[in-house]
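Here the structure is a predicted model, which is why all the values come from computation and not from measurement.
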Amino acid sequence: MKDVVFYDFVRGPLLKFALFVFFAGISYRFFRVVFLGLPADYAKPKGNPYLMAVKKIIIKPTMGWTFNEIFSRRAINFIGGFLFHLGFLGLTFFVPAHALLWKEIIGISLPVMPSLIVDILTYSALGSLIALTLHRALNPVLKLLTGKDEYFANLLVALILFTGLLANKWAGGGLYIWLLSMHMLLADLLILYIPFSRLSHFVYYFLSVGFMGWNAGKRGVSF
Amino acid sequence: MHSLYEIFKRNGYTRRDFLRYVALLVSAVGFPPSFLPNAVKALESKPKPVVIWLEFQDCAGCSESFIRSTSLLPADVLLDYLSLEYHETLMAPSGLQAEEAKREAIERYKGEYILIVEGSVSPKYKGVYCTIGGKSNEEILKEASKHARLIIAVGSCACWGGIPHAEPNPTGAMPISEILKDKKVVHIPGCPPIGDVMVATIVGFVMTGREPALDNLGRPKTFYGQTIHDRCYRRPFYNAGKFASSFEDEGAKKGYCLYKLGCKGPITRNACATVRWNGGLSFPIQSGHPCFGCSEPDFWDRSFLYSPLSVVEGGFGWKKVLAGIAVGSALGLGSAYINKKLRGVK
Amino acid sequence: MVEFKEQIGRTEIEKFYEFCKKGINMEVASYLEACVRCGICAEACLFYMGENISGRIDPTLTPAYKADLLRDIYRENYTIIGRIKKLLGLGVKIKPEDLKEQIKLAFYTCTMCDRCTKACPMGIDTPKLVSIVRGALTYAGLTPKDLADATNLSLEKGSPLGVDTQTFLKRLEFISEEYEVDIPVDKKPAEYLYLPSSIELMKFPSSVASAVKVLNKSGVSWSMSTKAHEATNFGIFAQSKEATKEMLSRVLEGAKELDVKYIIAPECGHAYQSMRFIAPNLFPEEWNFEVLNIVEFIDRMVETGRLSINRKVLMEKSTLHDSCQIGRRGGVLKEPRRILGMLAEDFRDSVLIPEHNICCGGGGGVLVIKDADYYRQKAFLSKMTLFDKVGAKTVVCYCANCMLALNTGAKELNRDYRFVSIVELVAEAIEEGEE
Amino acid sequence: MKRLVIDPITRIEGHLRIELELEGNRVKRAYSSGTMVRGIEIILRGRDPREAWAFAQRICGVCTTVHAFASIRAVEDALGIRIPRNASLIRKLMIGTLFVHDHVVHFYHLHSLDWVNPVHALKADPVKTSELARNVSNYEKSSPSYFKEIQEKIRQQVERRQLGIFSKGYWDHPEYRLPPEANLLLLAHYIEALNWQTQIVQVHTIFGGKNPHPNFAVGGMPCSIDLQSDTAINTERLSRVKSLIDSMLDFVEKVYIPDLMLLAGFYKNWFERGEGIGNFLVLGEPDGDSHREGKFFIPPTFIRNRNLKAYEDVDYSKIEEYVAHSWYSYSVGDDKGLHPFEGETLLNYTGPEPPYEHLNVEGKYSWLKSPRYEGLSAEVGPLARVLAMYARGVDMVRESVSSSLSKLGLPLEAMFSTMGRTLARGLETQLYARAMQGWYKELLDRIKGGDTKTFDGSRWEPSTWEREAKGLGLMEAPRGSLSHWVHIREAKIHNYQCVVPTTWNGSPRDAKGQPSPYEASLVGHEIAKLEEPLEIIRTIHSFDPCLACAVHLYYGDSSALVLI
């Protein structure tokens, strides 16, 4: 296939399709759960459940760090997971080229990161992703919990980070457009894959952490 | 007959100049340095090659660019290095005599002449959209290409159809390779191509007697092997995430990357960033305007000239996002309703 | 009545499946969907930790794994892909062994202590999911024998230890005489209704006496009730809604009869939990009482100056064991620490954040299940790490069930910890203060 | 009656065909036909107006910027954009460069071979040539050895029968009247100019990135000025521009004008024929970038029937295009004219099936439309502009016209001719070359004064535009008055029409049978050798035809195409 034809395909029809499926898919998954509804709770709350829900959604990602002994046993999970998410989300939104994409999609101009930070985030995200994957393969608990989905998703994301890194670093050789197209193709696949996999956990994060915070607020517990 | 070396000598160039020039040409056509002795020998003895230059649905921009070559001065190219037997924009005779000149050149240099084509060809309705001397362009092209030693398409129109081929392609314009399906065509795309690139490709062919190494789209690898982005002097700004977002901002003054302004450098294979234009003086990016990819097939129809490459081809926008979310929510609502009904959840 | 069946047949599996299916709501579904399989919850679980301390790794003890069957059932019924799989014959196939494992996972190795929720990066409330599995097992008639017996006994006689009204009154008489306290029973009008738990009544009478002393000393008008004389609620352990409701209705009846404003739950975790957070939903119209834990009550009295503690009664190095249901899940965490600060000379908290304390291992009915003893002992091992961390031999508790479980554990493992009730310490402090 | 066909007319841009009806050797009627069409206007429909210039620019690669300018001006007019003065000046410098380049290239490379015989140059004596050169100008390259080298170059070509671009010229034609020395002099400058022109276009390269087809932007210029930056327009670049425009003025005054006068002196008889239609039209070159400001560098003027005294102002609503003899059809009827804002274009080829001998000149015979002013055929171009400025009393023009005519000993009426047109082109080149010095100075002063603004992006976003807007972009192109007419609706181009110099000059007849300037100017020519119609070529070339611009009009797919 001609390079530009391929390139235009992965950033044109395929990306549009993927984005539509993505937005429809995640909102389907979100509302499929939301519309199941809740029974009323008549017990008098001891704290403010709603405030707590919001607070939890904001601070929960760092909460694990307060668990001394768990943190020390699972440093890989906490540090790796944190770095990976920070990197992945940072790169997804604030890499200059991606910010343009988001401007196109949601019409909001996002701030962009300088390349040094982009590099740091890419390396740390890629490194922590590899560490997390190895950990998955070796830890007995994770072995029991992990399915093919996780490995596939990790591989896909790792390849996206890797091709993105190459596309950014590569100079000369005329391969740039192929690297970029591969990066975009894989990203399209990821966008398509998210609504059908556990990768859509980011929408449920708001629900489950929200509920957790709501319960905590109800019971007057602050952690 | 006079060899190129004699021409050099006559023009006051020294043998060192000559060798340096040959070295440049050798590297330009992508031969290893070991080829140099052969090339010198070839140049010292080869007669002037005959060129027939046809113009169809064109704007003469490629011809203009050809006579803007600076590595070899156009007067030398036209009078010394090449024998341009037919070129409508430059030749002396008109009408019958012009046609006669072409016919004679084809006769006399059968299988030896180089055919250069500028402009797309419209075979639609028997070619009424472009006739010369009462003949359709398709017929003229087929006639002239029959005995050509080498066929070169210059400019994006001849290579890919170019602007006449842009949506909705009113005249059914075609690249010449679609007419000459059984022939090999060397493509030198660009709107127009760089004059030096055209001259180097043609003279390089004369020198080596071989056509240059081509990529899968028939372009000389030497000049079209890398993207503008690969060799752009503003690339460090791209890597550093520094972009100009308007022609009037500080970034534009400081020479930041023009990616956000729609630069197509990353997907455009051409030599603008290395050879540059009009004596290596500048090229569009250096003068502040994003590359719009004029050497790539169908670049006119890719997207709005100034829309950045990373955005969705054809646009997406929040309306489609909302549509997606609406579809998803409706499905979610329906699904939850059915689930609750079927499973008796209160 | 809660059933116990040895044989697991098709009906049981179907009933289990049915219950799980119906148990799904927005909250449950989001927990089931949100799990990212990170396995961090394993490190938070005292059973997993206990096994680990004894050098073994049992990945099935991971809380996330406990909800997997429920998750599969959810998927099969609530998602398109799951439903397609079912149509293609790739659905969930539950075998009797699977349910046996579920019994182990839900009843033997989970005290619903909620610690995993705090550790989970996605905030998944695993106890909530386990309670659905427990409910489904109970619905299928698969409640573990000991738990079923205790539940049935309390349904029949009003108490898991078989304490009926007669025994209750006798026991009160004994306490009254032994500890020289006045115990108002069915006294009208009363502002506070105090409910003892039968564990205290039978096994730690001094605890009841201390509570009575504190109540008397605070000068509020209070009473006990012959109708509502049992605070424990084994219906919760079995997750049988009917049993829970039946037992709570007795409390409701007694409280209504005495027309009280407050109900004081004793040092018993699930008693507080059931009356404070579950009863209002079972009797949304009638349950108009404010439910206080005895520790909360004491704190409030001290705060308002009706009780004054100005003597230290605990001189040795001590630490606090939090009851999960009162503390982490009941929000009574600051109160015991405040009180203990006044009582103890050398009090050291074993955890940085009170919510992160480890369960005794006997909660959620695990204590009464003989078959779960192995796991309970392992859990005690992990609990012990906290005691050893601060090096305290004296542990203050505010839940009789915890105390019983810890005592049992210490005895079984030959450890010389001393477990004391916080209310007893308070009673001691105010008594001595008088002199 | 004999029929003579000349196709292709070479040394022009594009594909032009001339058919003549002869009585003996005398032209009775002439028909001009454009035989190529691309349809760029149609391609422009539905696109973003901000990118229209790039498409329009590709209409012609010889006058490579004029359509870009006209397009940008039309869009800026429609959107109400006023560009910074700096951008205006940079554009003017580019326009000036284009004029000088285009006219010089036309004179030497497209036109001079009609008058100059390279074969005769072989007979010249280099020493005498050198004397002649030093007589007419103080241009430094005038040594005998220089001319000898050139002569040698040509001799070798002739000897080895590889004449290249000179092949098959009408070198035996008796109409070549220059003495050998003049032939050699002009031929040397032919070669000189060919190399010189590669350098001067660097003004375009500096400001627009490349040439041909430099880059522009709606709202100003994409190049930024920053004297400190090493990538923007800085001191080094500006001094390069200065030396380039100096070299232009130098070349025009020392080479072009003397050569032109020398040539004119030998061909005075060509001041008597090839007049054409007698009406002259200038749509105007704005002083800024908008005709709405009312200030013009070349004022809009209409001269009716040679009457320079009664010149008229131009009313843009009086422009109409006809298709009576063009291969198009109008929904209102082919005999009606349409104003460009209402312009429509529906292809309707009714010509003969190729290969053909003759076109049907009674019916439709060209891809060019016929623009008319007040229903009249009018000539545009250098002659019209010089006459307009002469009539309006522009000092410099009056002076240069009178002095060159008096040098030749000719009256003002001599300007209405083939050679008059060629002379006017030279005088105009001089005008532009001098004006550029002023523009450069103004630009430099502004930059020194701290104004470096070259772009106004305040109306870049489509959200700032009116829902519906119409704009007119004027541009006095080297070949004549160019106007682009754009109709923007909902941020997209709704209709786009270009009325271009070569349609004014080279159109077919209109509904009333009025011939175009090309057709009128050829009538009465005596052709000495029918197989070598040098006379026709001379007159046609004096207009500097540019057919690519002319035949851009095409609308929709015509499945109803009829081939005869």
Side-chain angles (χ1 to χ4, degrees), chain B residues 1-2 48 57 59-61 64-65 68 70 73-75 78-79 83-85 87-88 90-98 100-101 125-136 163-164 166 170-171 191-192 246-248 252-255 277-278 281-284 286-289 304-305, chain D residues 6-10 13 15 35-39 42-43 48 51 54 58-62 64 113 153 160 162 164-169 191 194-195 198 201-202 205-213 215 217 222-224 226 229 231-232 349 353-357 455 457 531 537 548 554 561:
Chain B
M1 293 221 187
H2 293 262
K48 272 205 315 189
Q57 290 182 299
C59 73
E64 286 283 332
S65 188
R68 303 276 199 283
T70 48
L73 287 173
L78 292 184
L79 299 175
S83 184
L84 198 53
E85 295 290 315
H87 187 301
E88 281 183 50
L90 293 168
M91 69 193 300
S94 278
L96 211 60
Q97 302 289 351
E100 189 58 24
Y125 304 130
K126 309 206 170 180
V128 299
Y129 297 130
C130 181
T131 62
I132 299 160
K135 282 197 221 163
S136 89
I163 193 156
T171 56
C191 193
S246 160
F247 293 121
E248 58 183 335
K253 285 196 167 133
K254 288 183 180 151
W277 282 81
N278 307 106
L281 191 61
S282 184
F283 69 113
Q286 194 176 349
S287 289
H289 195 280
F304 174 47
L305 222 65
Chain D
I6 312 168
D7 182 5
I9 301 278
T10 59
E13 200 304 304
H15 305 283
T35 59
M36 187 273 274
V37 67
R38 287 179 293 166
I42 306 323
I43 292 166
D48 193 302
E51 62 178 357
R58 267 67 186 181
I59 289 173
C60 181
V62 175
T64 163
L113 294 179
K153 208 172 212 177
R160 67 166 186 259
Q162 274 197 313
I165 46 175
F166 303 134
S167 294
K168 291 281 163 191
I191 291 165
L194 196 53
N195 293 341
T198 64
V201 294
Q202 288 182 340
T205 319
I206 287 169
F207 293 123
K210 61 174 184 161
N211 174 289
H213 297 327
N215 289 314
C223 57
S224 354
D226 186 347
S229 170
T231 180
Y349 185 79
E353 179 183 327
Y356 51 77
E357 288 278 304
F455 185 80
E531 64 278 16
I537 304 297
Y554 174 106
L561 191 71

Where is the tightest heavy-atom contact between [X] and [Y], given as atom of each residue plus distance?
X: B:Ala60; Y: D:Val62; result: CB-CG2, 3.6 Å
X: D:Phe207; Y: B:Ser287; result: O-CB, 4.0 Å
X: D:Gly209; Y: B:Trp277; result: O-CB, 3.8 Å
X: B:Met91; Y: D:Thr10; result: O-OG1, 3.5 Å
X: D:Glu531; Y: B:Gln97; result: O-NE2, 3.4 Å
X: B:Leu90; Y: D:Leu113; result: O-CD1, 4.5 Å

Under 4.5 Å from a heavy atom of chain B, the part of [X] involved:
X: D:Leu194; result: both
X: D:Glu357; result: neither
X: D:Ile191; result: both

Taking every non-hydrogen pair under 4.5 Å, which of [options] racks up the most with chain D?
options: B:Gly61, B:Pro93, B:Ser136, B:Ala75; answer: B:Pro93
options: B:Ala166, B:Gly288, B:Ser94; answer: B:Ser94
options: B:Gly255, B:Pro192, B:Ser65; answer: B:Pro192

Test your reading of the model: is there a side-chain donor-acceptor pair from [X] to the backbone of [Y], 3.5 Å cut-off?
X: D:Glu51; Y: B:Leu305; value: yes
X: D:Thr35; Y: B:Thr131; value: yes
X: D:Ser229; Y: B:Lys254; value: no
X: D:Ser224; Y: B:Ala252; value: yes
X: B:Asn278; Y: D:Asn211; value: yes
X: B:Gln57; Y: D:Met36; value: no
X: B:Arg68; Y: D:Val201; value: no

Could you check whether any side-chain heavy atom of [X] comes within less than 4.5 Å of a side-chain heavy atom of [Y], counting everything from C-beta outward?
X: D:Pro354; Y: B:Lys135; answer: no
X: B:Cys59; Y: D:Ile59; answer: no
X: B:Ser282; Y: D:Ile206; answer: no
X: B:Pro170; Y: D:Ile43; answer: yes
X: B:Glu88; Y: D:His15; answer: yes

Fill in: Partner chain B: residue of D:Arg58, D:Gln202, D:His213 with the largest heavy-atom pair count (under 4.5 Å)
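Most heavy-atom pairs under 4.5 Å with chain B: D:Arg58.
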Practice prompt. Find the one option among D:Ile537, D:Asp226, D:Ile9 whose heavy-atom pairs under 4.5 Å with chain B are most numerous.
Written response: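 If we count pairs closer than 4.5 Å to chain B, D:Asp226 comes out on top.
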Measure the [atom1]-[atom2] distance between [X] and [Y] for me, rounded to the nearest 0.5 Å.
X: D:Asn215; Y: B:His289; atom1: CG; atom2: NE2; answer: 4.5 Å
X: D:Asn195; Y: B:Thr70; atom1: CG; atom2: OG1; answer: 11.0 Å
X: D:Glu353; Y: B:Lys126; atom1: CD; atom2: NZ; answer: 3.5 Å

